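Note that ligands are numbered from 1 as they come in the structure, with each ligand's atoms numbered from 1 the same way. Keep in mind that this is a model prediction, so the values were computed, not measured.
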Amino acid sequence: MKAVIFDLNRFAIHEGPGIRVTVFFKGCPLGCWWCHNPESRSQKPQIVMREQKLNGRTFRVQELVGREISANHLMQEILKEKAFMDESGGGVTFSGGEPLLQTEFLIEMMKHCREQGIHTALDTTGYASKDIMRKVMSWPDLFLYDLKHLDDDIHKKYTGVSNKLILDNLKLIHDSGKDVVIRFPVIPGINDDKAHVEALKFFFKKELPQIRRLDLLPYHNIARHKYEAFSIPDKMRSVDEQKKEDLEKLKAAFKEGGLDVSIGG
Ligand code: SF4
């Protein structure tokens, strides 16, 4: 069995507990305006042009983004880091893009990890059918669940899809007793206003009383240079990164709601 991935990060420390291997699956059903990984959007490997500097000169070179990998090969790569994972209480995080687009491969990998006693986290948009979510949800030890906006019209405008499935699946996972960390990308002027923050706090209290942890993921414009390479319009050109003090205020506001909150995961 094979999947298409676009990266493998061997010493990740912000995507779940301990030191982790993070596998980035290629392909995403959303199209968020602020996406840091535009290379994840298409599920197919892509050839793009990239600038490279050598001896003071700039060259344009071709780069292949994304590769097919078999479950056995990927497991071999993961097992190379098992000592670090065991020592640090880490594991493997499946991220993307959206790993749920390659469901069978994902389940196969989580089965292999379980056989090897490796902790697994699934970093997901939650945008998948209920059938797929039911099929997958017993496998990861931890969900890192992205939540971008509670208002469906705003969600559609900035991500291209409705939030209905995302919210329904989140409730399904939460009510099943799974361990869930909510990941909230804080996007200036789009989802960080007081009314939305208060709505989120109310939503967590009423609908997700077991949720204990929230990661605030600040918007960065570090991926701006990639947009042109992938022929994706950069709609965030005029948006600046958050000030540290504004993020601290947000953190304090969510903490008031009784959550353990961290900035950056
Ligand atoms: S869900 Fe994540 S990977 Fe997909 S478009 Fe949005 S930010 Fe990018």
> Are Asp246 and Lys244 within salt-bridge range, i.e. N to O under 4.0 Å?
Replying inline: no
> Does a side chain donor of either Lys26 or Gln102 reach within less than 3.5 Å of an acceptor in the other side chain?
Replying inline: no
> To the nearest 0.1 Å, how far is atom 6 (Fe) of ligand 1 from its closest protein heavy atom, and which atom is that?
Replying inline: Cys32 SG, 2.3 Å
> Under 4.0 Å from ligand 1, counting heavy atoms only, is it the side chain of Cys28, its backbone, both or neither?
Replying inline: side chain
> Can you tell which part of Cys35 has a heavy atom less than 4.0 Å from ligand 1: side chain, backbone, both or neither?
Replying inline: both
>> Can a side-chain donor-acceptor contact be found between His14 and Arg20 if the only test is distance below 3.5 angstrom?
In response: no
>> Considering non-hydrogen atoms of the protein only, which is the closest contact for atom 1 (S) of ligand 1, and what is the distance?
In response: Thr125 CG2, 3.3 Å
> Ser40 heavy atoms, cut-off 4.0 Å: which ligand 1 atoms fall inside?
Replying inline: 3 (S)
> Does the distance from a Lys or Arg side-chain N to an Asp or Glu carboxylate O, for Lys201 and Glu198, drop under 4.0 Å?
Replying inline: yes
> Is Asp152 salt-bridged to Lys164, cutoff N-O under 4.0 Å?
Replying inline: no
> Is it the side chain (CB and beyond), the backbone, both or neither of Arg41 that lies under 4.0 Å from ligand 1, heavy atoms counted?
Replying inline: side chain
